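Worth saying up front: this structure is predicted, and the values here are computed from it rather than measured.
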Amino acid sequence: MLISARARRRGVVSPDAAALLGCVALVAAAVLVGRALLARGVEILLGFPPLNAEWLPHVGPGTPAALLVAGLVATRGPALAERLAWRPLLAGGYAVSVAWTSSLALVDGWQRGVAGRLATGDEYLHDVPRAGEPGTLLRTFADHILTSQVDPGQTEFWTTHVGAHPPGAFLVFVLLDRAGLGGGAWAGVFVLLTGASSAVAVAVAVRALGGQALARRVLPFAVLAPAAVWVGVSADGLFAAALAWAVALAALGATGTGWRADCAALAGGVCCGGCLYLSYGLVLGMALPGAVLLVARRVRAAVLVGAGSLLVVAGFTASGFWWFTGFERVRVIYAASAAASRPYAYFVWANLAAFLFAMGPAAVVGLRRALAAPRALPVASAALVGAALVAVLFADLSGLSKAEVERIWLPFAVWLAVPCALLDRPARWLLAQAGLALVVNHLLLTVW
């Protein structure tokens with residue numbers, strides 16, 4: 001309970017309640033100051049600050065399914081997670097994660113919630129017809145990052161999301177198209193199915209590092225996370241899954257023995273390298289597998305993870321894309337984009353308010369308890385949470401994430417399900433997590 005009987009008699013607010021009230025105050029301040037900035041004509045380019053959304057109460061075909069999944073996971077999830085065999089539990093967890101993410105997306109309807117999300121003028125699919133064959137794409141990719149805003153002579157430049165990321169993400173959608181799975185529907189379903197696997201990857205990593213009992217407590221919270229609102233459907237859900245599996249495979253490699261552990265470590269390195277070419281911001285995400293390897297102190301695993309990463313880096317570099325050139329040009333177009341009118345003094349703290357929507361109240365209280373009792377979580381699991389928070393802090397202070405962090409920071413948000421294992425009465429907290437997601441999805445129309 002948030003407030004004990006003794007605390008109520010004394011009129012004292014519990015630390016958990018104080019943490020939640022502080023977060024509510026931060027969100028309220030972000031809303032009020034954001035609306036004041038809009039009223040003054042400041043172009044923060046948000047319909048419902050601090051979120052990139054607009055006020056639009058609505059229901060949709062996903063509403064009944066979302067309510068059903070939320071109720072079942074909250075009431076039955078923790079008990080099932082305790083007694084099911086491990087592999088069936090992971091399979092079931094993935095199926096429920098897909099159901100939860102899909103139902104939230106379908107609250108906005110099939111076209112608006114899934115098929116049309118990645119097919120707008122700013123998204124990846126817009127430029128797929130221009131891609132050409134993969135070799136040429138990688139070799140010439142950086143030539144089309146600068147827009148006419150910063151290079152008046154540039155007439156052929158990538159659309160917003162393509163140019164603002166390394167070519168890996170765009171290449172995924174190009175290859176889908178080449179495989180006969182072109183269009184917004186296939187892309188949306190692919191991202192949704194991939195992003196939903198993050199919950200399983202978190203459980204796999206926690207089991208390898210902190211034991212099966214802890215992983216079983218974490219899994220229901222990883223499945224029912226409010227972050228699922230933006231996993232379905234945004235490419236950042238894909239990025240979250242890529243990083244989550246990089247961490248999980250690195251953890252398996254660092255804690256196991258034999259050839260299977262070596263293969264896992266090498267595969268984890270390949271995923272780490274792939275992350276670098278999905279989003280420039282995922283450089284910060286390397287703190288998570290780094291924390292795993294540092295705590296495990298397994299030199300062999302670290303070497304294999306490093307080798308796998310270098311294979312990917314070498315492949316992209318040999319194909320003609322130099323990561324640092326791309327990053328420098330993205331910094332140029334970012335400075336000339338919406339970021340130019342978005343005040344750092346507001347977003348440096350309002351970003352954290354937006355991120356709270358992806359975390360949810362259970363993660364806030366779990367994190368507070370973890371900070372109050374540092375030994376409550378195993379060292380390796382605590383290191384993962386700490387690495388995710390450090391990544392968020394650096395991303396925030398950098399000024400390269402002004403707004404829209406509810407989706408941009410999804411790769412870090414999924415790991416904040418880990419401290420939820422410290423919560424008693426998990427059903428109540430799971431309902432709180434689901435309730436936040438349902439309120440956001442039904443009262444607001446999110447861009448992603």
| request: Taking salt bridge (Lys or Arg N to Asp or Glu O under 4.0 Å) as the test, write out the residues that go with R331, two or more places apart. | output: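 By the salt bridge (Lys or Arg N to Asp or Glu O under 4.0 Å) rule, R331 matches E328.
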| Sequence-distant partners of R300, salt bridge (Lys or Arg N to Asp or Glu O under 4.0 Å), two or more places apart |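 So R300 forms a salt bridge (Lys or Arg N to Asp or Glu O under 4.0 Å) with D262.
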Determine the minimum heavy-atom distance between [X] and [Y], stating which atoms define it.
X: L238; Y: V191; result: N-CG1, 4.2 Å
X: S103; Y: A65; result: CB-CB, 3.8 Å
X: A66; Y: L104; result: CB-CD2, 4.4 Å
X: A421; Y: L214; result: CB-CD1, 3.4 Å
X: Y346; Y: A30; result: OH-O, 2.6 Å
X: R369; Y: D424; result: NH1-OD1, 3.4 Å

| Residues, nucleotides or ligands: over 12 heavy atoms within 6.0 Å of F394 CZ |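 Counting neighbours around CZ of F394, 12 or fewer heavy atoms of other residues, nucleotides or ligands fall under 6.0 Å, so no.
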| Parallel, tilted or perpendicular, as decided by the 30° and 60° cut-offs, for the rings of F355 and W409 |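 Perpendicular, since the angle between the ring planes exceeds 60°.
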| request: On the 0 to 90° scale, with breaks at 30° and 60°, tag the F141-F170 ring pair as parallel, tilted or perpendicular. | output: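 Judged by the thresholds at 30° and 60°, the geometry between F141 and F170 is tilted.
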Quick one: does any side-chain atom of [X] pair with a main-chain N or O of [Y] as donor and acceptor, under 3.5 Å?
X: K402; Y: F347; value: no
X: S401; Y: D396; value: no
X: Q433; Y: M359; value: yes
X: S337; Y: Y334; value: yes
X: W323; Y: L276; value: yes
X: N52; Y: L46; value: no
X: Y124; Y: T159; value: no
X: S341; Y: A338; value: yes

| side chain to side chain contact (heavy atoms under 4.5 Å, CB included) against C275, all qualifying residues, sequence neighbours excluded |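 Scan of C275 (side chain to side chain contact (heavy atoms under 4.5 Å, CB included), adjacent residues dropped) gives A242, L243, L282, M286.
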| task | Can you run down the salt bridge (charged side-chain N to carboxylate O under 4.0 Å, His left out) pairs that involve residues 195-221, sequence neighbours left out, and say none if there aren't any? | result |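 Applying salt bridge (charged side-chain N to carboxylate O under 4.0 Å, His left out) to every pair that reaches into residues 195-221, excluding sequence neighbours, yields nothing.
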| message | Can you tell me how far apart CZ (R83) and CG (L80) are? Round to the nearest 0.5 Å. | response |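 It is 5.0 Å, given to the nearest 0.5 Å.
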Under 3.5 Å donor-acceptor pairs involving side-chain atoms of residues 249-257, not counting sequence neighbours:
from	atom 1	to	atom 2	distance (Å)
T255	OG1	A251	O	2.7

Identified side-chain contact (heavy atoms from CB on, under 4.5 Å) counterpart of [X] within the set [options]:
X: L293; options: V303, V299, V305; value: V305
X: L106; options: T101, T63, V114; value: V114
X: L384; options: L389, V292, L416; value: V292

| Going by atom types alone, do T446 and W230 pair a side-chain donor with an acceptor below 3.5 Å? |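 No - no donor-acceptor pair under 3.5 Å links their side chains.
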List, one per line, each side-chain donor-acceptor pair under 3.5 Å for residues 312-319, sequence neighbours excluded.
from	atom 1	to	atom 2	distance (Å)
T317	OG1	V313	O	2.8
S319	OG	G315	O	2.8

| field | W186 ring center near F190 ring center (under 6.0 Å) | value |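 Ring-ring flag for W186/F190: false, centres at least 6.0 Å apart.
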